[in-house]
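Small disclaimer: the values here were computed from a predicted structure and weren't measured.
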Amino acid sequence: MRRADRTGQQRGDAAGDGRFAGDRGDPAGGRDRPVTTVDAHARAWSPRTARERFRAGLTGPTAGVAAGHTQANLIAVPADWAYDMLLFCQRNPKPCPVLDVTDAGSPATVLAEGADLRTDLPRYRVWQDGELVGEPTDARPYWREDLVSFLLGCSFTFEWALARAGVPIRHVEQGRNVPMYVTGRACREAGRLRGPMVVSMRPVPPEHLGAAIRESSLLPAVHGGPVHCGDPAALGIEDLGRPDFGEPVTAAEGDIPVFWACGVTPQAAVTASRPPFAITHAPGQMFLTDARDEQYRLAGID
């Protein structure tokens, strides 16, 4: 039996298992290996090198790529939906922290000189009327001159701080995409946009929990501190072994599940609100900016 999602729609129309249609058993999710497992040098790449590799066809989750540089989620919507999206982000800053908004039709961003948002991510998602219709590696055939792109902070950015503080990053250790879950917490509505918050989860040993909370809280532009620690049922999550996006991760004995707001939240809003068209990143496959992680760390706090 399929369970209804928090938008009131039935989820798992294709898979019949509680995920958005197209996620479980998704060919991209099953085919694309984390970039750092494909190329051991990916951590040392410059962001420009990473973007060049993605433009040339390399795909996969980007945790750990170009270490020390900020990663961003992407959502591009028609201009007549852009104010609603901007308002949605302003009203829901934890899952949707805005780093940049482009001019209509422009594939350029101040976050990365010479980058092209149509080609420089590993994989995209194309949406029509709230339905996922494609997962290309090149968005140029789908690009429209009225699209306004939003780049939102990504939690992969604060993982350098967690690792530096001694917090193990289980999904990186295991060569997997971070697990992400649709929660029972509704975002604040904004114009025509509504939907549930999505979270990412990292198992954290109890002795490192304080460091994980402290270090991520110092980076509010990339989701900041966790929204919940402990029992996933408090967020309406039934089974950590069945993420809605990404891959399940194996926790060590005693690990506490820690949940951060996630930039896939706008994709849940697209599913719920059904705008006529949108382009997003594929979950876990982010845009590499030229900005250093430290630029978003709260100043004067150590």
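Atom CZ of R164 has more than 12 heavy atoms from other residues, nucleotides or ligands within 6.0 Å. More than 12 heavy atoms of other residues, nucleotides or ligands shown are found within 6.0 angstrom of CD on E207.
Residues Y181 and L240 form a side-chain contact, since some pair of their non-hydrogen atoms from C-beta on lies under 4.5 Å apart. In this structure, R185 and V199 have side chains that are not in contact, with every pair of non-hydrogen atoms separated by 4.5 Å or more. At a threshold of 4.5 Å between non-hydrogen side-chain atoms, the residues T102 and L117 count as touching. Side-chain atoms of N73 and F150, non-hydrogen and from C-beta on, never get closer than 4.5 Å to each other. In this structure, the side chains of L58 and V35 come closer than 4.5 Å at one or more pairs of heavy atoms. The shortest side-chain heavy-atom distance between R176 and R170 does not fall under the 4.5 Å cut-off. The closest side-chain heavy-atom distance from R51 to D290 is below 4.5 Å. Here the side chains of F54 and T59 are not in contact, with every heavy-atom distance at 4.5 Å or above.
A donor and an acceptor atom, one from each side chain of D293 and T157, are nowhere located under 3.5 Å apart. Side-chain contact annotation: D138 with T119, donor-acceptor N/O pair under 3.5 Å absent. Under 3.5 Å, the side chains of S155 and R202 contain a donor-acceptor pair of N or O atoms. A side-chain donor-acceptor contact under 3.5 Å links R292 and H69. In the model, Q71 has no side-chain atom that pairs as donor or acceptor with a side-chain atom of T289 under 3.5 Å.
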- Query: Under the side-chain contact (heavy atoms from CB on, under 4.5 Å) criterion, do N177 and H171 qualify, and how do the steps go?
  - Reply: CA-CA 6 Å; N177 196 1; H171 65 94; 5.9 Å; no

- Could you give me the CA-CA distance, side-chain angles and deciding distance for D84 and R192, then say whether salt bridge (Lys or Arg N to Asp or Glu O under 4.0 Å) is met? CA-CA 7 Å; D84 288 8; R192 293 164 287 181; 2.8 Å; yes

- Task: Go through the steps for L74 and F287 under the test side-chain contact (heavy atoms from CB on, under 4.5 Å), then give the verdict.
- Result: CA-CA 7 Å; L74 170 70; F287 178 69; 5.6 Å; no

- Item | W45 vs D39, side-chain contact (heavy atoms from CB on, under 4.5 Å): CA-CA, chis, key distance, verdict | CA-CA 10 Å; W45 288 348; D39 191 320; 3.5 Å; yes

- When you look at R118 and Y142, which way does the side-chain contact (heavy atoms from CB on, under 4.5 Å) test go after all the steps? CA-CA 9 Å; R118 302 170 301 177; Y142 306 91; over 6 Å; no

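Scanning all heavy atoms of the two residues, the minimum distance from V178 to M201 falls at CG2-O, 3.7 Å. In terms of heavy atoms, P34 sits closest to G175 at CG-O, 3.1 Å. Scanning all heavy atoms of the two residues, the minimum distance from G284 to H281 falls at N-CD2, 4.2 Å. Nearest heavy-atom pair, P283 versus M180, reported as atom, atom and distance to 0.1 Å: CB-CE, 3.8 Å. Here the shortest heavy-atom pairing between P248 and P243 reads N-CG, 3.6 Å. The two residues C89 and L152 come nearest to each other via the heavy atoms SG-CD2, 4.0 Å.
In this structure, the side chain of T265 engages the main chain of V198 through a donor-acceptor pair within 3.5 Å. Not one N or O on the side chain of K94 forms a donor-acceptor pair closer than 3.5 Å with the backbone of A261. Here the side chain of T37 pairs no donor or acceptor atom with the backbone of R33 at under 3.5 angstrom. Proximity of a side-chain donor or acceptor of T109 to a complementary backbone N or O of A112 within less than 3.5 Å is not detected. Between the side chain of T62 and the main chain of M286, a donor-acceptor pair closer than 3.5 Å is present. Looking only at distances, no side-chain donor or acceptor of Y83 sits under 3.5 Å from a matching main-chain atom of D80. A donor-acceptor pair under 3.5 Å is absent between the side-chain atoms of E159 and the main chain of I169, judged by distance alone. Panel note: side chain T137, backbone P122; no donor-acceptor pair is recorded below 3.5 Å. In this structure, the side chain of Q174 engages the main chain of T250 through a donor-acceptor pair within 3.5 Å.
To the nearest 0.5 Å, the span separating CG on L87 from CG on N92 amounts to 9.0 Å. Rounding to the nearest 0.5 Å places CE of M197 at 10.0 Å from SG of C262. Here the CZ-SG distance, from F88 to C187, works out to 4.0 Å after rounding to the nearest 0.5 Å. Of the inter-residue distances, the one linking R140 atom CZ with W143 atom CH2 reads 12.0 Å to the nearest 0.5 angstrom.
The side-chain contact (heavy atoms from CB on, under 4.5 Å) test with I279 singles out one residue from I75, L147, V77, and that residue is L147.
Using a cut-off of 4.0 Å between Lys/Arg side-chain N and Asp/Glu carboxylate O, E294 and R297 are scored as not salt-bridged. R91 has no carboxylate O lying under 4.0 Å from a charged side-chain N of E189, or vice versa, which leaves the two without a salt bridge. Using a 4.0 Å cut-off between charged nitrogen and carboxylate oxygen, R125 and E135 count as a salt-bridge pair. Ion pairing between a basic and an acidic side chain is recognised when a charged N comes within 4.0 Å of a carboxylate O; R48 and D120 show no such pairing. Under a 4.0 Å N-O distance rule, the pair D116/R55 does not qualify as a salt bridge.
With sequence neighbours left out, F259 forms a ring-ring contact (aromatic ring centres under 6.0 Å, His included) with H228.
Between F158 and W260, the ring centre distance stays below 6.0 Å.
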